[in-house]
Amino acid sequence: MKLRNIAIIAHVDHGKTTLVDRLLQQSGSFRENQRVAERVMDSNDLEKERGITILAKATSVVWKDVRINIVDTPGHADFGGEVERILSMVDSAIVLVDAAEGPMPQTKFVVGKALKIGLKPIVCINKVDRPDARVTEVVNEVFDLFAALDATDEQLDFPIIYGSAKQGWMSAEGPDGPTDQGMAPLFDLVLKYVPEPKIEEGSFRLLGTLLEANPYLGRMVTGRVFAGSIKPNQSVKVLDREGKVVEQGRVSKILAFRGIERQPIDEAEAGDIVAIAGLEKFNVADTLCTPDVVEPLQAQPIDPPTLSMTF
Ligand code: GDP
């Protein structure tokens, strides 16, 4: 199946959860009872206490026979390059901006990183139904933000989609609609604008991005397969960032994202984002690979080393 991998970047409350729910709903990958169960499972206690809605770290929807993996980007903190690693799993990002508030600090923080690693984002102006929406100004603010963050001409030429996640519609034509096409215009834009995942040559390599303790499967690491493919039971090793072997072992389970659920699969192929179980020391920023591999993967360099000129 063809794939697209995208991240969603948004300041808190700009509508990320509502948007993803709509995407799941309108692609038919969504069942009400699933959603509740998953959200309870995924939420950590602190978030439950605060009553913040939980967005799964990754979801996937199928649109016109293309699987779209959607990953969440934390906007608040960046522990050890997590945002960079998440962004290096994807080929574009939807920058979701509230039509009244405009770009906010979290938008700026993550967009800056996305632009630096060379992603060409799609801008989504959400909440155009708000009576205080100021769409034209907000689009200009987004443009100014990109420019201030040293976007390239290509990045500044971003496509814009407008809509109301709450009302369940998006339009590439403008903030006045049409409103009867639901999320189709956004799906179509993703298929058209986001490149297919680039596949590297050579043996199986996956870059660890998100770590979790799964109550049933133990330690699990989610990441993108950059090259090759992998099946359960296959022998693998884990390399740290310096290329040191951390662990040798076998993959016990491979889970792929299917809607908001994860399902075991028989094989993960290059380009896909999957969760791997069976390795006890596999950590984020490590590379999971077949035993022949010596070079670890690196998350995209964010700040290219400055060349010092010595004569
Ligand atoms: P998140 O923090 O980015 O995940 O934002 P949520 O999806 O939880 O939305 C935050 C608030 O904005 C909620 O009260 C939503 O109902 C509301 N909201 C989301 N999308 C829209 C929209 O398109 N229009 C309006 N008026 N409100 C929206």
Side-chain angles (χ1 to χ4, degrees), residues 6-27 29-30 32 34-36 38-44 46-61 70-78 82-83 86-87 90 93-111 113-114 121-139 141-142 145 160-187 189 210 259-260:
I6 55 165
I8 300 198
I9 297 172
H11 191 77
V12 63
D13 275 347
H14 282 198
K16 189 156 61 173
T17 313
T18 311
L19 183 80
V20 172
D21 277 357
R22 290 294 182 192
L23 295 174
L24 286 160
Q25 237 170 28
Q26 294 197 20
S27 68
S29 337
F30 180 87
E32 193 65 32
Q34 279 182 352
R35 166 192 172 194
V36 175
E38 183 82 8
R39 284 209 174 154
V40 172
M41 263 170 51
D42 274 2
S43 52
N44 69 40
L46 185 65
E47 282 168 316
K48 260 191 230 157
E49 258 171 38
R50 290 210 207 118
I52 300 171
T53 46
I54 307 304
L55 184 63
K57 297 277 180 228
T59 44
S60 94
V61 297
I70 304 165
V71 298
D72 186 23
T73 48
H76 44 280
D78 187 27
E82 187 184 13
V83 172
I86 289 173
L87 292 173
V90 300
I94 296 174
V95 178
L96 186 69
V97 182
D98 184 315
E101 275 205 343
M104 296 294 280
Q106 288 174 26
T107 326
K108 181 179 175 185
F109 175 72
V110 187
V111 166
K113 294 186 182 252
I122 291 170
V123 171
C124 177
I125 308 294
N126 189 34
K127 306 199 190 184
V128 299
D129 61 294
R130 280 180 64 155
D132 55 346
R134 37 182 202 98
V135 176
T136 311
E137 268 172 71
V138 166
V139 168
E141 287 169 16
V142 174
L145 173 70
I160 310 173
I161 191 149
Y162 309 83
S164 167
K166 192 168 161 185
Q167 295 176 346
W169 64 272
M170 288 289 149
S171 168
E173 286 168 43
D176 298 324
T179 61
D180 59 355
Q181 291 168 26
M183 290 289 146
L186 180 54
F187 284 125
L189 183 58
L210 299 163
I260 40 105

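Numbering starts at 1 and runs along the sequence shown. Everything numeric in this text was worked out from a predicted model, so none of it was measured. As a basis for the values below, the full set of heavy atoms in this structure was taken, side chains included, without hydrogen atoms, waters or symmetry mates. Atoms within a ligand are numbered from 1 in the order they appear, just like the ligands themselves.
Between Arg134 and Glu141, at least one side-chain N (NZ, or NE/NH1/NH2) sits under 4.0 Å from a carboxylate O, which counts as a salt bridge.
Among Asp129, Asp72, Thr18, Leu96, the residue whose heavy atom sits closest to atom 6 (P) of ligand 1 is Thr18. Nearest to atom 4 (O) of ligand 1 by heavy-atom distance, out of Thr17, Ile125, Val12, Asp21, is Thr17. With Met170, Lys127, His11 as candidates, the residue nearest to atom 11 (C) of ligand 1 on a non-hydrogen basis is Lys127.
For ligand 1 and Asn126, the ligand atoms under 4.0 Å from any heavy atom of the residue are 20 (N), 21 (C), 23 (O). Each of the following atoms of ligand 1 lies closer than 4.0 Å to a heavy atom of Asp13: 1 (P), 2 (O), 3 (O), 5 (O), 10 (C), 12 (O). Contact atoms of ligand 1 toward Arg130: 26 (N) (distance under 4.0 Å to a heavy atom of the residue). Listed by atom number, the atoms of ligand 1 under 4.0 Å from Lys16 heavy atoms are 1 (P), 3 (O), 4 (O), 5 (O), 7 (O). Atoms of ligand 1 found under 4.0 Å from any heavy atom of Ser164, numbered from 1 in the order shown, are 22 (C), 23 (O), 24 (N). Taking a cut-off of under 4.0 Å to the non-hydrogen atoms of Gly15, the atoms of ligand 1 that pass are 1 (P), 3 (O), 5 (O), 6 (P), 7 (O), 9 (O), 19 (C).
Between the Thr107 side chain and the Ala10 main chain, no donor and acceptor come within less than 3.5 Å of each other. For Asn126 (side chain) and Leu96 (main-chain N/O), no donor-acceptor pair under 3.5 Å exists by modelled atom type. Gln26 places a side-chain N or O within 3.5 Å of a backbone atom of Gly168 that can act as its donor or acceptor partner. Distance alone, capped at 3.5 Å, is enough to place a donor-acceptor pair between the Gln106 side chain and the Val12 backbone. Side-chain N or O atoms of Lys16 include one that pairs as donor or acceptor with a backbone N or O of Thr73 at under 3.5 Å.
By the 4.5 Å heavy-atom criterion applied to side chains, Lys127 and Asp129 are counted as neighbours. Side-chain contact between Pro185 and Ile161 is present, with heavy atoms from C-beta onward closer than 4.5 Å.
With a 4.0 Å cut-off on non-hydrogen atoms, Ala10 does not touch ligand 1 at all.
At under 3.5 Å, a nitrogen or oxygen of Ala165, whether backbone or side chain, sits near a nitrogen or oxygen of ligand 1.
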